[in-house]
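Just so we're on the same page: letters track the sequence lines, and every chain starts at 1. Please read these numbers as outputs of a predicted model, since none were measured by experiment.
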Amino acid sequence: MTPSRNTLPFWLSAPSLLLTMAFVALPLVMTLSLSLYPYDLTTGIGDGMTLTNYRDIVIDEYFHAIFARTFGMAMLVTVICILIGLPEAYVLSRLSSRWRSVSLVIVLGPLLISVVVRTLGWAVLLGNEGILNNALRAIGIIDEPIRLMFTFTGTVVALVHVLVPFMVLAIWASLQKLDPATEHAAESLGANQITILRRIVFPQVIPGVLSGSLIVFALSASAFATPAIIGGRRLKVVPTTIYDEFLGSLNWPLGAALAVTLLVIVLTCSLAMNRFVEWRYRQVFQ
Amino acid sequence: MSFLELRGLGKRYGDIEAVSSCDLTVEKGEFVCLLGPSGCGKTTTLQMIAGFVPPTSGQVFLDGRDITALKPSRRGLGIVFQSYALFPHMTVAENVAFGLEMRRIGRGEREQRVTETLALVHLDAMTDRYPGELSGGQRQRVALARALVIQPQVLLLDEPMGALDAKLREDMQIELRALQRRVAITTIMVTHDQAEAMTLSDRIVLMNRGQVEQVARPYDMYERPNGQFASTFLGKANVFSGRSNGKSVLAGDRWFPVEGNIPEGDVDYIIRPEKIEIVDTAPLLHGKVSARVFLGNHWLFQVDTPLGPMHLTQPNTGMPATGEGDVIGMSWVGAHARVVASGTSR
Ligand SMILES: Nc1ncnc2c1ncn2[C@@H]1O[C@H](COP(=O)(O)OP(=O)(O)OP(=O)(O)O)[C@@H](O)[C@H]1O
Ligand SMILES: [Mg+2]
């Protein structure tokens with residue numbers, strides 16, 4: 001083989017490599033270095049390198065609460081997405097091909113609409129004078145409006161709506177690989193439908209559930225638009241806090257440190273979850 | 001009444017008649033093969049017995065009971081699927097134990113029966129492996145054990161040897177046959193391999209285009225095929241169309257010998273290649289050898305005759321005197337020929 005052919009793959013991948021460097025790696029490195037600058041309320045960003053920003057995050061209970069809320073919310077959203085996405089994907093895979101394509105469009109349709117628009121839609125639904133509260137009051141189930149805007153519950157509901165299609169897609173992909181004969185086999189051995197779902201189908205779609213969960217978890221932990229609109233200033237999560245540090249307090253180094261911390265925790269959680277599930281269900285990953 | 005009985009069992013998919021009005025009786029302990037070319041409705045028939053495909057007509061009786069409307073999970077049949085359909089996330093032992101768990105059989109008995117059944121299929125050493133860690137033949141035996149452990153009334157197998165190579169397939173056939181005898185279980189197996197059907201079955205159900213062509217013991221079906229389809233699907237056969245006067249058959253300008261009662265009118269005259277002898281005197285037919293092929297235990301000759309190309313075989317008892325290009329005389333006795341009315345042939 002000639003040298004020029006050996007280097008061909010390199011040249012072919014060079015443009016995308018450069019693009020990745022410029023828009024992913026470089027900003028990451030810059031954020032990391034920014035987070036190491038000192039900051040002073042009066043003089044602004046100083047010189048030298050320091051870990052004070054990280055120390056502040058570690059010792060300040062204000063940040064603890066925000067991180068706890070963010071990851072608690074991400075986990076809850078992930079669990080709810082599994083609970084909704086699993087049956088939804090299963091039902092979808094059992095439909096006749098015509099109904100399946102119609103249903104897929106309905107499931108994936110929300111992805112085609114901007115997150116901001118969808119979230120504002122939820123704001124209309126969930127407000128104190130919103131459609132949901134007015135309807136419930138009209139029926140007489142409640143006297144006082146239920147507070148949903150600017151609450152944890154409201155944010156979770158909106159996030160689930162935004163993210164559930166990702167879960168459905170991931171589970172759907174692994175359902176495609178499932179041999180339908182295994183369900184028949186279980187049935188012929190005397191299993192009822194619920195047992196078949198629990199003991200045969202579910203364990204085999206674990207890889208799909210895992211990849212869906214990773215996507216949903218990472219996206220909801222780093223979601224900005226939905227918590228900003230539904231949660232507002234009252235219910236801060238890490239991404240909205242970062243935003244405030246950068247644009248409100250102008251404390252860029254602290255914002256950068258928060259961003260790095262968020263990234264590290266999301267990565268660690270994802271990897272740990274991945275490892276655990278792959279170990280626990282190693283047979284279905286072969 | 002027979003142990004398992006299909007009465008006018010049929011299945012339509014829209015305009016396609018996958019199986020039309022199939023009648024069959026199977027005795028207890030019998031091994032029956034559904035044999036036929038691809039798409040003839042074998043799987044559909046088996047699935048209707050298993051309960052996964054609802055028939056559009058007819059009934060299935062098991063031990064005198066109509067089970068046509070019964071769910072597959074209530075039929076208590078053991079099924080081995082073509083793809084084996086093992087549960088990939090369970091060990092061999094867990095796979096086999098699944099059916100017993102569903103029957104709420106206690107742990108002690110369950111483990112004992114799993115061990116026994118795995119010993120039966122020579123898999124005692126593999127209990128803790130996962131299906132992904134087994135060879136094709138071992139997987140098939142797990143599937144067999146999983147179906148047998150529930151002590152089903154009937155064992156249904158859909159091309160269980162389809163994924164195995166030739167040598168392993170032969171071994172598994174012998175093993176399956178021995179196993180079936182030992183546990184004396186009524187078995188229905190689907191195959192499109194005529195040699196497999198002959199090796200294994202007590203009776204063969206020959207199917208073609210959704211219809212049952214012939215039901216007979218392997219020897220009877222081979223020696224007395226009821227039509228052109230049966231004669232050519234099961235083994236090789238030379239078939240001439242001719243006219244019968246009730247005593248002999250005229251094909252081309254020659255009369256051919258027959259024995260016993262034969263139909264009159266337009267007929268198919270069937271003679272197997274191994275029943276034809278090469279003779280020097282008083283041949284029934286002359287022909288020129290166009291090809292000679294060595295097949296190990298016998299030689300196959302293709303001969304051009306006035307009635308078209310014919311096949312004949314000779315046992316391998318040394319290098320044959322006849323070679324390609326030779327003109328030979330052929331003869332056979334009437335008892336070996338089979339005559340069927342052409343209407344029955346397809
Ligand atoms: N779900 C279905 N919808 C429509 N037609 C079907 C369906 N299943 C089977 N058929 C048709 O019914 C006929 C019989 O199919 P079947 O699977 O029973 O054949 P087979 O004898 O098992 O063939 P093979 O040896 O290839 O497995 C075929 O013509 C097939 O196209
Ligand atoms: Mg088939």
Engineer: Can you pull out the residues in residues 80-104 of chain B with any heavy atom less than 4.5 Å from chain A?
Structural biologist: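 Those residues of residues 80-104 of chain B which have a heavy atom under 4.5 Å from chain A are B/F81, B/S83, B/A85, B/L86, B/F87, B/P88, B/H89, B/M90, B/F98, B/G99, B/E101, B/M102, B/R103.
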Engineer: Could you please state which residues from residues 51-73 of chain B sit under 4.5 angstrom from chain A, measuring non-hydrogen atom to non-hydrogen atom, sorted by number, or 'none'?
Structural biologist: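 Residues B/F52, B/P72, B/S73 are the ones that qualify, each having a heavy atom under 4.5 Å from chain A.
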Engineer: Can you tell me which portion of B/R146 sits under 4.5 Å from chain A's heavy atoms? Options are side chain, backbone, both or neither.
Structural biologist: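 Both backbone and side chain of B/R146 come within 4.5 Å of chain A.
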Engineer: For atom CZ of A/R94, decide whether the heavy atoms of other residues, nucleotides or ligands shown that lie under 6.0 angstrom number more than 12.
Structural biologist: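 Counting neighbours around CZ of A/R94, more than 12 heavy atoms of other residues, nucleotides or ligands fall under 6.0 Å, so yes.
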Engineer: Is there any residue in residues 259-272 of chain A with a non-hydrogen atom under 4.5 Å from a non-hydrogen atom of chain B, and which ones are they?
Structural biologist: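 Near chain B, by residue number: none.
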Engineer: Where do B/I150 and A/S188 come nearest, in terms of heavy atoms and distance?
Structural biologist: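 Closest approach of B/I150 to A/S188, heavy atoms only: CD1-O, 4.4 Å.
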Engineer: Check this for me: A/L12, atom CG, are more than 12 non-hydrogen atoms of other residues, nucleotides or ligands nearer than 6.0 Å?
Structural biologist: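 Yes, the 6.0 Å shell around CG holds more than 12 heavy atoms from other groups.
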Engineer: What are the residues of residues 153-174 of chain A, in order of number, with any heavy atom under 4.5 angstrom from a heavy atom of chain B?
Structural biologist: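 Counting heavy atoms that sit under 4.5 Å from chain B, no residue of residues 153-174 of chain A is involved.
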